[in-house]
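Taking it in order: structure first as structure tokens, then the write-up.
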Amino acid sequence: MFLNKLRPNQCGSGYIKVALVDMPGLGDTGIGDAERMIKTLGRDIDIVLFVRMPTAMGDFWGTEDVELYDMASSALMELPIKEWSFMVLNHVSSVSGKDDNQRNCQSLAETRTEKHIEVVDCITADCADAEESNAHILDRVLDYLTRRIDVLDRQYASSCQDRLNQLQKMLKVELDKAHDTWRQTSQDNWFPEFVRLFDKLWTDLTGGLEALLSTLILDRDVDDKNFKPAVETAIQDCRTDTGIPTLQEIERRARKTGSYDIAYAEYLHEVRTYLSKRFLSLDTALKESLEADKSKVVSVLVQEGKLGKLADGEGSEFLKAFAEHIPDNLSGLRLGFQTLATFDLQYRGLVQHRIRKYLDVLDPDRTPFKLRGNFIDLAFDLRSKRLVDTRKPDAEGILKNLKLAQAEAVNNCEKELKTLLQEPSQAGFAIVEEFVDRVLRAEGVKAEWQIFLQEVAADVWSNEFDLTIRVAQLRGDWLKVVDQVAKASSPEAVNFSK
């Protein structure tokens, strides 16, 4: 059997590359060989050579010959095997003529059609003779292959296309049946119940969120219960742990730097940074206050809205997970949850810039507490006959100035922070009210809630009609798949002959 691997236009030399696939005869096959033979013939083979060597004593077409032919014929139903096969009768001759099988070769050639063994040509040649094999077998087969392979390919493609068209028509009939079967049982009798449950949920949810707003607005102008004690603790820490060095430390620093002025400037920077670090703890209090308000919203969503099964976690974590469940096309509802989930209060955004200006007193270039400007030490100069300022910087002067500057900075920061004690409460109320506006009061958002909850109804109201909704959802999925299959198997999709 020959396997044509490349067409003439695929070979740079202009020749056809041919590979020989030698297969056993029917009587020589083992278990499974016949199936593999049929698969190979149908998938890889272009031309089949049936090779038969008649005996010299007399021969005939046997059952195994016919079965082998029929088996090969079944490998490619779209193209008759008589169009792509040759029969080769191996002629064996001898000097005496006693073992010559020429007569039986002729007999088999003449009687093959009686057994319905039809091929392109029946060739008698001595397969042991290379020249004869090339001249009588290989050249004739290759000549046929060169002339007819494109025609055979077109016939095969056309036959395959006809079968595909038939299968497409049969599949369409079955798909129509599948579609109509679901359509006949598609009474959405669960929807009226869904509308009733949705109306109740909407009433409970809106009532719960409005009640929460009423509570938050009462505390909007009240000192925040988390932020206020955090401020008091931070101020107390600033006063008890100032970071101001001792006299001995100041003296060592002055000797090290060679200047009281340099030592003073360095200590101003260090005391300022030490002081500002104390206020970083306010960030935690701000986050705790806001997270508490978000948790109150989540509590309403879970208890009044029965939405606890749609997301895990608490506060921001729940809101973020819930927002991910909302489809992008429900943009109003999704934006409401994303806005609340991602809103954050931070020390750097709310507080830092408000108190930073009061730390100027601890900056060497901006402090009013200059090292030579705090004590008056005058003496009478006999030469100039006038009073002269004899002040010199010392460790005590540095220590006193540092204490005065640090105390002034703390006092001013305290005054400023006391004006911010209501900010977290006001920010919490504002973002919750923004959330309520977006998810309850915005135009079209109620319809978005209804669309969203219709998709997740089995999770929200699992006890009421879980099975009914899941069947309806299964129906929708089924019809979607049916439509996808119908599109994939349309005449345009299965037409590869154009």
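In this chain, numbering begins with 1 at the start of the sequence shown.
Residues Gln454 and Phe191 share a closest heavy-atom pair of OE1-CE1, 3.8 Å. Across all their heavy atoms, Ser316 and Glu291 have their closest contact at N-OE2, 2.7 Å. Looking at every heavy atom in both residues, Gly428 comes nearest to Asp293 through CA-OD2, 3.3 Å. Between Ala409 and Leu359, the closest heavy-atom pair is CB-CD2, 4.3 Å. Residues Phe343 and Ala427 approach most closely at CE2-O, 4.4 Å, considering heavy atoms. Across every non-hydrogen atom of Gln450 and Phe194, the tightest pair is O-CZ, 3.5 Å.
Between the side chain of Glu304 and the backbone N or O of Leu201, no donor-acceptor pair lies under 3.5 Å. Put simply, the side chain of Lys370 gets close to the backbone of Thr367: a donor and an acceptor are under 3.5 Å apart. The backbone N or O of Cys238 sits nowhere less than 3.5 Å from a side-chain atom of Thr242 that would complete a donor-acceptor pair. Checking side-chain atoms of His325 against main-chain N and O of Leu310 turns up a donor-acceptor pair under 3.5 Å. At least one donor-acceptor pair closer than 3.5 Å links the side chain of Thr233 to the backbone N or O of Pro229. Counting only distance, with no hydrogens or angles, the side chain of Thr342 and the backbone of Gln338 share a donor-acceptor pair below 3.5 Å.
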Please tabulate, for the side chains in residues 217-224, all donor-acceptor contacts under 3.5 angstrom to protein atoms that are two or more places apart in sequence or on a different chain.
from   : atom 1 : to     : atom 2 : distance (Å)
Asp221 : OD1    : Gln426 : NE2    : 3.3
Asp224 : OD1    : Ser289 : OG     : 3.3
Asp224 : OD1    : Ser425 : OG     : 3.4
Asp224 : OD2    : Asn226 : N      : 3.0
Asp224 : OD2    : Phe227 : N      : 2.8
Asp224 : OD2    : Ser289 : OG     : 2.5

Which donor-acceptor pairs under 3.5 Å do side chains of residues 265-280 form with protein atoms, sequence neighbours excluded?
from   : atom 1 : to     : atom 2 : distance (Å)
Glu266 : OE1    : Arg253 : NH1    : 2.9
Tyr267 : OH     : Glu249 : O      : 3.1
His269 : ND1    : Arg272 : NH1    : 3.1
His269 : ND1    : Arg272 : NH2    : 3.0
Glu270 : OE2    : Arg253 : NH1    : 3.2
Glu270 : OE2    : Arg253 : NH2    : 3.4
Arg272 : NH1    : Leu362 : O      : 2.9
Thr273 : OG1    : His269 : O      : 3.1
Thr273 : OG1    : Glu270 : O      : 3.0
Tyr274 : OH     : Asp241 : OD1    : 3.0
Tyr274 : OH     : Asp241 : OD2    : 2.6
Tyr274 : OH     : Arg278 : NH2    : 3.0
Ser276 : OG     : Arg272 : O      : 3.4
Ser276 : OG     : Thr273 : O      : 3.0
Arg278 : NH2    : Asp241 : OD2    : 2.2

### Query
Given Asn411 and Arg239, is the side-chain contact (heavy atoms from CB on, under 4.5 Å) satisfied, shown in steps?
CA-CA 9 Å; Asn411 290 336; Arg239 288 179 172 144; 2.7 Å; yes
### Task
Take Lys418 and Glu232, measure what salt bridge (charged side-chain N to carboxylate O under 4.0 Å, His left out) needs, and give me the verdict at the end.
CA-CA 9 Å; Lys418 285 183 177 180; Glu232 293 173 348; over 6 Å; no
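In this structure the side chain of Leu402 never reaches within 4.5 angstrom of the side chain of Phe369, judged on heavy atoms. In this structure, the side chains of Gln406 and Val410 come closer than 4.5 Å at one or more pairs of heavy atoms. Using a 4.5 Å heavy-atom threshold, the side chains of Arg348 and Gln352 count as touching.
Counting heavy-atom neighbours within 6.0 Å of Asn329 CG, excluding the residue itself, gives a total above 12. Within a 6.0 Å radius of NZ in Lys287, other residues, nucleotides and ligands contribute more than 12 heavy atoms.
Note on Glu396 versus Lys400: no salt bridge recorded, every NZ/NE/NH1/NH2 to OD/OE distance being 4.0 Å or above. Residues Arg438 and Glu434 are paired through a salt bridge, judged by an N-O separation under 4.0 Å between the basic side chain and the carboxylate.
Between Phe452 and Phe322, the angle of the ring planes goes over 60°, which puts this pair in the perpendicular group of the 30/60° scheme.
Contacts of Glu416 classified as salt bridge (Lys or Arg N to Asp or Glu O under 4.0 Å), with partners at least two apart in sequence or in another chain: Arg354. For Lys294, there are no salt bridge (Lys or Arg N to Asp or Glu O under 4.0 Å) partners at least two apart in sequence or on another chain.
Sorted pairs that involve residues 419-431 and meet salt bridge (charged side-chain N to carboxylate O under 4.0 Å, His left out), not counting sequence neighbours, are lacking altogether. Listed by first and then second residue, the ring pair (Phe, Tyr, Trp, His ring centres under 6.0 Å) pairs that reach into residues 407-427 come to none, sequence neighbours excluded.
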